[in-house]
Enquirer: 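Next up is a structure, given as structure tokens.
From a predicted model like this one, the values you see are computed outputs, not experimental measurements. Just so we're on the same page: letters track the sequence lines, and every chain starts at 1.
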Number of protein chains: 2
Amino acid sequence: MTRRPGRMRPSSGATITDVAQAAGVSRATVSRVMNGRPTVDAAIAERVRRVVDELGYKPSRVAQSLSLGRTSTVGVIVPDLGNPSFQQILHGVNRSAAAAGYRVLVADSAETPDDEPALIEDVRRRTDAVIVCSPRMNADTLAALLPRVQPIALVNRDEPVDAPRVVVDSGAGVAEMCRHLIGLGHRRIVHLDGPVGSNAQAARLRGLTAIGEEHPEVELVRLPCGSTIDEGHAVFDQARATGSTAIIGFNDLVALGVLEAARDRGVRVPRDLSVVGFDDIPFARLSSPALTTMSVDLEEVGETAWRALEARMKGEEEDGPRVFAPVLVPRASVDPVA
Amino acid sequence: MTRRPGRMRPSSGATITDVAQAAGVSRATVSRVMNGRPTVDAAIAERVRRVVDELGYKPSRVAQSLSLGRTSTVGVIVPDLGNPSFQQILHGVNRSAAAAGYRVLVADSAETPDDEPALIEDVRRRTDAVIVCSPRMNADTLAALLPRVQPIALVNRDEPVDAPRVVVDSGAGVAEMCRHLIGLGHRRIVHLDGPVGSNAQAARLRGLTAIGEEHPEVELVRLPCGSTIDEGHAVFDQARATGSTAIIGFNDLVALGVLEAARDRGVRVPRDLSVVGFDDIPFARLSSPALTTMSVDLEEVGETAWRALEARMKGEEEDGPRVFAPVLVPRASVDPVA
DNA sequence: CTGAAAGCGCTTACAG
DNA sequence: CTGAAAGCGCTTACAG
């Protein structure tokens, strides 16, 4: 099957010099033709184009990048490429960036949470700008990093910093969800906490605290968990043991894991137990029962991050963070308590 | 909130020349220090390092790329970044490529199916190599493209070509699923076809044809559909009208859409109707009923594609395509027929 | 051990 | 309208 003997030159390709020689013109002229500058004699342009076709010449992007001082590439750094939420954000960024003539370089900080800054710097050096999603690094580290990697846009960081930001109002979201549950009679609710140190988790805490003050009659318990299906699955028994009538997953993945564990244990949702998530990933409506959740359009978050970054690159001033307010999507995983 | 007046220089950064001047050495020496060449006097190296720190110097990746003739970046082109299957492949590629010191540039050909070749060429010019997933272009176009974009690895293309390939044996997979269904007594089965012209769809056809010959007593009907939840949802009534006792979705997404439609219509799965998918995406086991499907580890497909590409870049010869055989995962969405 | 010089493949004032 | 030349920021033989 398809053996090529010997070494393989990476399809080296013709350079602008090859074209210039073959066409008997200067490289400047070739460059002008390639870039559609109108100031080239029609006959010469035609001749150059023919040679370009014959040789299959394509300008080197990296040479252009060095010469022009820009790569037309934007970096996107996420904590976990396997997480549907970040996949959606990536999708949104890619769509709008592509429409603007940019390509997307992705990176996943999962393997190297401590090296977030180094990773971001590395990605930034290969691109014109970066979008960083839910960075876990602390505020000081972030502040020290920012000036080195401008232009940069941040997704889900609450501190005011010198960078455009788009944030999902997780605190308000969890509070709204709590009120929904409380309105249905739930008096003991367990919240499955997300990754420690994550911005979203901190926001949840604020939301829960606010609800605690607003509803002293309600018992709000918290359990360390995480952000994956497996973590949600694993924490189920513990959550159940709290005697709560409702479980709030840090995100839909966690809630889906809880749902699966409930099925394994023969606990009926929502009759025996209400379960809710956060994010409204595409599968939330397909679970059984369909998951009640707080919806946020993460593709639009991605698109917005791109637009904010683009504006910054053009030197426009931003007027504060772009805030997405999650909206409650009641489905079938919640029952009132008797 | 964080106003920066005026224009923003993209945090221009010091160049190697700045460092050389400040340290009173040549650029060559700075380069040597940066790259850890041992032949530099310790005191000088130390001085250079101090200046590097003070100036916050980071070598320009694009200058390095031009000089070295490689970018340490690999391109990944998928038909749809919103599709979990491709997200998994991307995740797998990224993981293994990152481990090898490469970054990943992604592109989505969704908006421009006719420009697949142009897209691939563009991505290739910014990277050292590309991995192309499920390209839709025809064989001639592909053959003409390949020499222009080597090294390239192909995922899910069946034709033997001069490029490493990893393929999921969709034909064998759908055949095995059919046999499973037939063994349970199903005699009329409808297959929801995937994107026309896709490699996987062609393979399915071959699998179905084989089954047709193997089991003349079974009626195999096909319906044009697609590869998304919504398309699966939309085709449900039509599929139901065929009077089939089992529906095979082109992939899990389609099957999930069918499941949702069945729920909407009050059709009980699997009692009234069996439904199966393909791929075993992470959510297949979480649907209700849990989806019976053909499982293929798509992250591993991505990793394998990377390794095949890496081998090719090193000039190693491949010995035929790497084939993944999907394995049947019986879950709860299939019942025997009386 | 170190530096001057050439080179990677482009683009773009600047002259003509 | 066209070309010679400088420049983008690196790396690396080649001398010394």
Enquirer: Measure the distance from CZ on B:Arg70 to C1' on C:dG7 and round it to the nearest whole Å.
Expert: 17 Å

Enquirer: Kindly list each side-chain donor-acceptor pair under 3.5 angstrom involving residues 42-53 of chain B, sequence neighbours excluded, with atom names and distances?
Expert:
unit_1	atom_1	unit_2	atom_2	d
B:Glu46	OE1	B:Arg49	NH1	3.0
B:Arg47	NH1	B:Ala23	O	2.5

Enquirer: Side-chain contact, heavy-atom cut-off 4.5 Å: B:Leu309 with B:Val93?
Expert: no

Enquirer: Closer than 4.0 angstrom, basic N to acidic O: yes or no for A:Asp122 and B:Arg103?
Expert: yes

Enquirer: Only counting residues at least two apart or in another chain, list the ones meeting side chain to side chain contact (heavy atoms under 4.5 Å, CB included) with A:Gln88.
Expert: A:Ile281, A:Pro282, A:Leu298, A:Glu299

Enquirer: Does A:Val132 reach the side chain of A:Val155, with side-chain heavy atoms less than 4.5 Å apart?
Expert: no

Enquirer: Between A:Ser26 and D:dG3, does any side-chain N or O lie under 4.0 Å from OP1 or OP2?
Expert: yes

Enquirer: Show your working on side chain to side chain contact (heavy atoms under 4.5 Å, CB included) between A:Leu142 and A:Leu154 and close with a plain yes or no.
Expert: CA-CA 10 Å; A:Leu142 180 62; A:Leu154 259 24; 4.1 Å; yes

Enquirer: How would you list, by chain and number, every residue that makes a side chain to side chain contact (heavy atoms under 4.5 Å, CB included) with A:Ala118, sequence neighbours excluded?
Expert: A:Asp115

Enquirer: List every contact pair, protein side and nucleotides 11-15 of chain D side both N or O, where the distance is under 3.5 Å.
Expert:
unit_1	atom_1	unit_2	atom_2	d
D:dT11	OP1	B:Asn35	ND2	3.3
D:dT11	OP1	B:Gln64	NE2	3.0
D:dT11	OP2	B:Ser31	OG	2.5
D:dT11	O4'	B:Ser67	OG	2.7
D:dT12	OP2	B:Arg37	NH2	2.9
D:dA13	N6	B:Arg32	NH2	3.3

Enquirer: Which whole-number value in Å describes the distance from A:Asp18 CG to C:dC8 P?
Expert: 11 Å

Enquirer: So what is the 5' to 3' dot-bracket string for DNA chain D, if pairs are Watson-Crick or G-U wobble with both distances under 3.5 Å, crossing pairs use [ ] and | means the partner sits on another strand?
Expert: |||.||||||||.|||

Enquirer: Can B:Glu316 and B:Lys314 be counted as an ion pair, charged N to O under 4.0 angstrom?
Expert: no

Enquirer: Can you measure B:Leu66 atom CG to C:dC8 atom C1' for me and round it to whole angstrom units?
Expert: 4 Å

Enquirer: Can a salt bridge be assigned to the pair A:Arg312 and A:Asp162 using a cut-off of 4.0 Å between side-chain N and carboxylate O?
Expert: yes

Enquirer: Please evaluate residues B:Glu116 and B:Arg136 with respect to the criterion salt bridge (charged side-chain N to carboxylate O under 4.0 Å, His left out), reporting the C-alpha separation (whole Å), side-chain torsions for both, the decisive distance (0.1 Å), and the verdict.
Expert: CA-CA 8 Å; B:Glu116 257 186 11; B:Arg136 310 284 209 242; 5.7 Å; no

Enquirer: Scan residues 38-47 of chain B against DNA chain D and write down, sorted by residue number, each residue with any heavy atom closer than 4.0 Å; if none is found, say none.
Expert: none

